[in-house]
2 protein chains.
Amino acid sequence: MNTLTIGTPAIGGTRYKEVKQAMLAALAAHEWKGGETIPSEKRLAERFGVSIGTLRKAIDELVADNILVRHQGLGTFVAQHQRDRHFFRFFRVVRADGDKTYPAVSLVSFKKAKATRELAALLNIETGARVFTFLNQLALHGEHVMTEHISVPESRFPGLTEAVLRDRPSTLYNFYQDVFHINVVGTDERVRVALADEAECALLGVAPGAPILEIRRIAYSYHQMPVEVRISHVNTEHYEYVGTSASHDEPL
Amino acid sequence: MNTLTIGTPAIGGTRYKEVKQAMLAALAAHEWKGGETIPSEKRLAERFGVSIGTLRKAIDELVADNILVRHQGLGTFVAQHQRDRHFFRFFRVVRADGDKTYPAVSLVSFKKAKATRELAALLNIETGARVFTFLNQLALHGEHVMTEHISVPESRFPGLTEAVLRDRPSTLYNFYQDVFHINVVGTDERVRVALADEAECALLGVAPGAPILEIRRIAYSYHQMPVEVRISHVNTEHYEYVGTSASHDEPL
DNA sequence: AAGTGGTCTAGACCACTAC
DNA sequence: TAGTGGTCTAGACCACTTA
């Protein structure tokens, strides 16, 4: 197996950056899949011809990027989307009092369509290429307060059907990972005010024309590859969008 | 000078966490102020009785938290808020096409008041304690599209006046740092839809009752100490709020 | 007991900045 | 040239997990 021998520097400048890129390449090539363990640090250090310390520095960054997860005594794993881990890193709607809860998702519609020029540009695919588009209605604490219009390219989700989507056992991003080996590792989001249209107001529990929160998201896999476009609408009467936090002081 | 000798473990569990906490304590005690250089790694390693590698690991985390900044050949500095550095980490309103620009800020009003119970709870001060409250109107690309209602406790900003606030030479958070040694290192933000009231609509260029974006922020200094509460209103006709990004892939 | 990651060390050498 | 942070090494020892 070609291990991207790192004899020639030139690319990354430093050894550990080269190692990091080589590991990202291995991840993108599905050599290690979501939830799987990767080889031990000792083995990887030998494979890439660096010391343990250098290899660890590469992994440090991949862990900081939420791409890998370390477990002492067990090994290092490809980060996996799970209900109880990282879910609220991507689901950022909470009740006004701060209470976080998992949404109950209902699939409202599902269809295959051609990408508009706009959508194609966001997904970095050809205009007119096939995409799957579906609509979710979400309930929090039993209240219907949110919808999601989601589009993914057929090329990266071959064989996706309404049935398999509806019957997925876990979260959507976990489903992407397990079935299509698509790892969502980051998103860009923009938030603005919009007005509920006739079709949506019933799903959101608001009157037609009522102001709602609109969140437009692009989700990325490794190497900033866009894999999903999502427009969410939220009735913010009792729920809010959580913006950026920061500062990770340790608890004393 | 007491250097918080680290002979007794117990607290952090690991040496570098202890060193990190000791450095945070030194920062909180204003031993090193915003923009200043801290002692060299070699000196700090001696001071805390650890090896360079361990000392570096502590600094690594403080750098990751945007509390310190390293400059090869120069030294390590206490991160400083500047127009051209980190400004858009806290100012998250951009034009719909993605264009980022610095806001032109006008101080609309300034007064001293007593903290309501609600505000006092957010700022972790006594109900009825004095706070300064002021209102900014912001223009982007020459358009008035945003307001900020800002409250800070008098106890942490002694002697703040309208004149000195108005005449500050740089950004607000830089001003906090230089004049009051208050270092904003993180924020919590919640976003929802609100309606423009009579007093505000003129400042935002919308009709009374028009839907606007409301952002409620708490800004924190070291050890999660709240130092500012801010409610921003945005006309999102042409401007949007930038939510969380993630994934820091290197450019190849 | 064996294997994993986590911490810590002591030092070499490089790259950058100032004087 | 001297001082800074940046990289890389080789290894010891600890803590955790599984068997």
Side-chain angles (χ1 to χ4, degrees), chain A residues 5-23 27 32 35-80 85 248 250, chain B residues 5-23 27 32 35-80 85 248 250:
Chain A
T5 310
I6 311 213
T8 38
I11 294 184
T14 66
R15 309 276 265 143
Y16 80 86
K17 290 282 184 192
E18 288 170 21
V19 171
K20 180 183 179 184
Q21 288 304 325
M23 292 183 71
L27 287 161
W32 309 314
E36 288 181 7
T37 172
I38 69 173
S40 75
E41 299 182 343
K42 184 165 171 296
R43 241 183 285 278
L44 287 170
E46 286 164 3
R47 164 166 165 179
F48 293 122
V50 296
S51 74
I52 294 268
T54 301
L55 188 278
R56 277 184 64 81
K57 188 154 183 183
I59 293 187
D60 282 345
E61 294 207 349
L62 291 167
V63 169
D65 294 344
N66 292 293
I67 288 172
L68 297 179
V69 175
R70 288 202 255 233
H71 276 148
Q72 189 174 358
L74 274 174
T76 303
F77 299 78
V78 180
Q80 182 144 29
R85 299 203 28 157
H248 305 291
E250 313 299 326
Chain B
T5 310
I6 309 211
T8 37
I11 295 184
T14 66
R15 309 276 266 143
Y16 79 87
K17 289 283 186 193
E18 286 170 22
V19 172
K20 181 183 178 184
Q21 288 303 324
M23 292 184 70
L27 287 161
W32 310 313
E36 288 180 9
T37 172
I38 70 173
S40 73
E41 298 183 343
K42 184 166 171 296
R43 242 182 285 276
L44 287 170
E46 287 163 3
R47 164 167 167 178
F48 294 122
V50 297
S51 74
I52 294 268
T54 301
L55 187 280
R56 277 184 64 80
K57 189 154 183 183
I59 294 188
D60 282 345
E61 293 206 351
L62 291 168
V63 168
D65 293 345
N66 291 294
I67 288 173
L68 297 179
V69 176
R70 287 203 256 235
H71 276 147
Q72 188 172 0
L74 275 175
T76 303
F77 299 78
V78 181
Q80 181 145 31
R85 299 203 28 165
H248 305 292
E250 313 299 324

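Chain naming here is simple, since letters A, B, ... match the order of the sequence lines and numbering starts at 1 in each.
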* Asked: Do any N or O atoms from the side chain of A:Arg15 and from the backbone of A:Gly49 form a donor-acceptor pair under 3.5 angstrom?
  -> yes
* Is B:Val50 close to B:Glu18 at the side-chain level, that is, under 4.5 Å between some pair of heavy atoms? -> no
* Return the minimal non-hydrogen interatomic distance between A:Phe48 and A:Ala22, and the atom names on each side. => CE2-CB, 3.8 Å
* To do: Take nucleotides 8-13 of chain D nucleotide by nucleotide from the 5' end and write B, S or -, depending on whether a protein heavy atom sits under 4.0 Å from the base, only from the sugar-phosphate, or from neither.
  => SB----
* Asked: Starting at CD of B:Glu61 and ending at C1' of C:dT7, how long is that distance when rounded to a whole Å?
  -> 12 Å
* **Working for side chain to side chain contact (heavy atoms under 4.5 Å, CB included), residues B:Leu27 and B:Val78** => CA-CA 8 Å; B:Leu27 287 161; B:Val78 181; 3.7 Å; yes
* To the nearest Å, give me how far apart CD (A:Glu41) and P (C:dT7) are. => 11 Å
* **Whole angstrom value for the distance that separates C1' of C:dT4 from CD1 of A:Ile38** => 12 Å
* B:Lys42 side, atom NZ; B:Leu55 side, atom CG - distance, nearest 0.5 Å -> 12.0 Å
* Asked: Taking only residues two or more places apart in sequence, or in another chain, which ones meet A:Arg70 in a side-chain contact (heavy atoms from CB on, under 4.5 Å)?
  -> A:Glu41, A:Arg56, A:Ile59, A:Asp60, A:Val63, A:Thr76
* Between C:dG6 (P) and A:His71 (NE2): distance, integer Å -> 10 Å
* Asked: Roughly, in whole Å, what's the span from CG in B:Leu62 to P in D:dG5?
  -> 14 Å
* **Nearest-0.5 Å distance that lies between atom NZ in B:Lys20 and atom CG in B:Leu68** => 10.0 Å
* Asked: Is the distance from OP1 or OP2 of C:dT4 to the nearest side-chain N or O of A:Arg43 less than 4.0 Å?
  -> yes
Enumerate the protein-to-nucleotides 16-19 of chain D contacts in which both atoms are nitrogen or oxygen and the separation is below 3.5 Å.
none

* **From CD (B:Glu46) to CD1 (B:Ile52), nearest 0.5 Å** => 8.0 Å
* To do: Tell me whether the OP1 or OP2 atom of D:dG6 has a side-chain N or O from B:Arg70 closer than 4.0 Å.
  => yes
* Asked: For the atom pair CG (B:Leu44) and CE (B:Met23), what is the distance rounded to the nearest 0.5 Å?
  -> 5.0 Å
* Asked: For D:dG5, does either OP1 or OP2 sit under 4.0 Å from a side-chain N or O belonging to B:Arg56?
  -> no
* Does B:Ser40 place a side-chain N or O at less than 4.0 Å from the phosphate oxygens OP1/OP2 of D:dG3? -> no
